[in-house]
**Q** 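The structure under discussion is supplied below as structure tokens; questions concerning it will follow.
Residue numbers begin at 1 in each chain, while the letters A, B, ... track the order of the sequences.
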There are 2 protein chains.
Amino acid sequence: MKEGPDIARIAALIGDPARANMLTALMSGKALTATELAAEAGVTVQTASSHLSKLDQGGLLAPRKQGRHKYFAIANADVAGVLEGLMGLAAMNGHTRTRTGPKNAALRHARVCYNHLAGDMGIQLYDAMLAQGLLQEFSDEPQLTPQGAAFATDFGIDLTALTRAKAPLCKACLDWSARRTHLAGSLGRALLTQFENLGWAQRDRSTRIVTFTPAGETAFQARFSV
Amino acid sequence: MKEGPDIARIAALIGDPARANMLTALMSGKALTATELAAEAGVTVQTASSHLSKLDQGGLLAPRKQGRHKYFAIANADVAGVLEGLMGLAAMNGHTRTRTGPKNAALRHARVCYNHLAGDMGIQLYDAMLAQGLLQEFSDEPQLTPQGAAFATDFGIDLTALTRAKAPLCKACLDWSARRTHLAGSLGRALLTQFENLGWAQRDRSTRIVTFTPAGETAFQARFSV
DNA sequence: CGAATGCTTCGACTAAGATCGAAGTATGAA
DNA sequence: TTCATACTTCGATCTTAGTCGAAGCATTCG
């Protein structure tokens, strides 16, 4: 009955528990199949299928058919941003479905947040890069310094390829578990990939947890100490 | 049933049409009473009261009692950011409750987006400040240049007071009607206030429309031409 | 070609919650 | 005090949409 974009429709889309669980699972950045997402949300495949088609129609998901599988992923960075924002709001107001346990502790320690590293280690990475002068904050947004660029190249990251893309290189992302800033953007993404390539860490398929090997943990600590 | 913040609860909060209308109305930055919001949403006061208490409990609103009135406002910038993000998503997918008409045209031309200027004129302001070297973009986030600081002071804005506050001075905000960037942050806010103080423009109480006087329009065009 | 797997459609059931009338509380004015 | 205004609470009704069983396509494999 009013003017303006129909914010209610897509908010309601995210507002269903089953759909929210699916979206949260997809925030790992990985594409998942309908059956996997059904398990993730705790519903049957029929129900999941109905939900997924609605999310797709709402433009929140980008489905991709591959043989008899259908993979779903978050549609774009805008959607991911809104979801992270909602997580922040929910965390701020204590509306967390607290299930404290080892799983949750691992999540708080190191996890994937739409393709970049979050959790305690994500925060440490960000703080260390600031302290070492690799990053600098301009009005709350991080900016890569010349030293930072040299470091990135030395670390095996192709900066020219990243800057060619339209996505911003550095972006601040607010962590919902600790309410602290960590590094997003294409550089944050490239760093996590590089951690994996170096054998320092490994992403878990569906839980968003990032597991560092003992050697990887020490190498990380040596390189990114505050 | 899952770990993580309960994103569904607050998304569902925004997802009800009546509540979404209230929130959209409050995006003007002005505080409104329960009765005004009831009219805005097209429901009775009883219903509105129920909705408002839920929004309050969810931490999305900041109510303030004043005599026998109760004023509601958006709780904080985080909430406003999520709402703008949702508007962007909705607009992107064509989920607009299109009611094209003079009212909508005025909205597209100049409107308030959580206290700063948006619409065509907001975009023009941003582009002109970039072209004149008052702003510069670092990784998609605007930054005030020394010339920009001089201009702001000359324009009657107390920059030292703004920088003292914790809120970022400059921030990019994506317009949902045109998908273009305009200036948010405390500077964007101060500029709109200054436009009002100079008698260039006037905000409408409930529609978010910003009306420029003929003199104000020409003064604006003279100062902020690309 | 079956057989098996992954996903979608259909239809019926159910539960959550939005809505409003009516009555109740609080503040301000006469 | 009495009336009026602003808001909240209660209770009943009713619509919406989430859910799953069953059946139907589509794709791959033996």
Side-chain angles (χ1 to χ4, degrees), chain A residues 1-2 6-26 30-58 60-73 95 97 205-206, chain B residues 1-2 6-26 30-58 60-73 95 97 205-206:
Chain A
M1 315 261 188
K2 302 243 74 77
D6 194 354
I7 164 179
R9 197 168 300 164
I10 63 164
L13 232 43
I14 310 176
D16 177 77
R19 287 194 290 258
N21 282 334
M22 295 178 178
L23 290 171
T24 310
L26 288 172
K30 291 216 169 181
L32 300 174
T33 70
T35 337
E36 288 170 324
L37 287 167
E40 200 72 39
V43 294
T44 61
V45 264
Q46 310 94 286
T47 313
S49 176
S50 153
H51 284 312
L52 288 168
S53 74
K54 283 175 190 169
L55 288 172
D56 177 23
Q57 194 144 12
L60 300 182
L61 293 185
R64 200 180 58 218
K65 271 190 114 165
Q66 212 167 87
R68 57 181 164 183
H69 294 274
K70 194 166 175 182
Y71 288 94
F72 293 88
H95 280 180
R97 300 196 193 173
R205 175 174 180 71
S206 61
Chain B
M1 313 259 189
K2 302 244 72 81
D6 194 353
I7 165 178
R9 197 168 301 165
I10 62 164
L13 232 42
I14 310 175
D16 178 76
R19 286 195 290 260
N21 282 334
M22 295 178 178
L23 290 170
T24 310
L26 288 172
K30 292 216 167 180
L32 299 174
T33 70
T35 336
E36 288 170 324
L37 288 167
E40 200 71 41
V43 293
T44 61
V45 265
Q46 309 95 287
T47 313
S49 176
S50 154
H51 284 313
L52 288 168
S53 75
K54 282 174 191 169
L55 287 173
D56 178 22
Q57 194 144 11
L60 300 183
L61 292 185
R64 200 180 60 218
K65 269 190 119 166
Q66 212 166 86
R68 58 179 164 182
H69 295 274
K70 194 166 176 184
Y71 288 94
F72 294 88
H95 281 180
R97 299 196 193 174
R205 176 175 178 71
S206 61

**Q** Check the distance between D:dA6's C1' and B:F72's CZ and give it to me in whole angstrom.
**A** 11 Å
**Q** Provide, to the nearest angstrom, the distance between the CG atom belonging to A:L52 and the C1' atom belonging to D:dG18.
**A** 14 Å
**Q** For B:R19 and C:dA16, what is the distance between atoms CZ and P respectively, to the nearest whole Å?
**A** 16 Å
**Q** Please tell me if A:S49 has a side-chain N or O lying less than 4.0 Å from either OP1 or OP2 of C:dT8.
**A** yes
**Q** Donor-acceptor pair, A:T24 side chain versus A:A20 backbone, under 3.5 Å?
**A** yes
**Q** Using only side-chain N and O atoms of A:K54, determine if any of them is under 4.0 Å from OP1 or OP2 of D:dG18.
**A** yes
**Q** At their closest point, which heavy atom of A:A73 faces which heavy atom of A:L26, and how far apart are they?
**A** CA-CD2, 4.3 Å
**Q** Quick one, B:K54 and B:S50 - any side-chain contact, counting heavy atoms below 4.5 Å?
**A** yes
**Q** With a 4.0 Å limit, can you tell me whether B:T44 has a side-chain N or O closer than that to the phosphate oxygens OP1/OP2 of C:dT19?
**A** no
**Q** By nearest heavy atom, map A:K65 and A:D16 onto DNA chain D; which one lands nearer the 5' end?
**A** A:D16
**Q** Report the distance from atom NE2 of B:H51 to atom C1' of D:dT9, rounded to the nearest whole Å.
**A** 15 Å
**Q** Quick one: is A:H69 getting a side-chain N or O under 4.0 Å of the D:dA26 phosphate, OP1 or OP2?
**A** no
**Q** Just so I know, are the side chains of B:V43 and B:N21 near enough to count as touching, which here means a heavy-atom distance under 4.5 Å?
**A** no
**Q** Of the listed nucleotides (C:dA18, C:dT19, D:dT19), which one gets closest to any side-chain atom of A:S50?
**A** D:dT19
**Q** Between C:dA22, C:dT8, D:dT19, spot the one nearest the side chain of B:Q46, thanks.
**A** C:dA22
**Q** Using whole Å, report how far CG of B:L13 lies from C1' of C:dA16.
**A** 15 Å
**Q** Are A:K70 and D:dT27 close enough that a side-chain N or O sits under 4.0 Å from OP1 or OP2?
**A** no
**Q** Whole angstroms only, please: what is the CG-C1' distance between A:L37 and C:dT8?
**A** 15 Å
**Q** Tell me what A:A18 touches on the nucleic acid: a base, only sugar-phosphate, or nothing, going by heavy atoms under 4.0 Å.
**A** sugar-phosphate
**Q** Starting at CZ of A:R9 and ending at P of D:dT16, how long is that distance when rounded to a whole Å?
**A** 14 Å
**Q** Using only side-chain N and O atoms of B:T47, determine if any of them is under 4.0 Å from OP1 or OP2 of C:dA18.
**A** no
**Q** Tell me: CZ of B:R64 to P of D:dA6, nearest whole Å?
**A** 17 Å
**Q** Would a distance-only check, ignoring hydrogens and angles, find a side-chain to backbone donor-acceptor pair under 3.5 Å from B:R19 to B:L13?
**A** yes
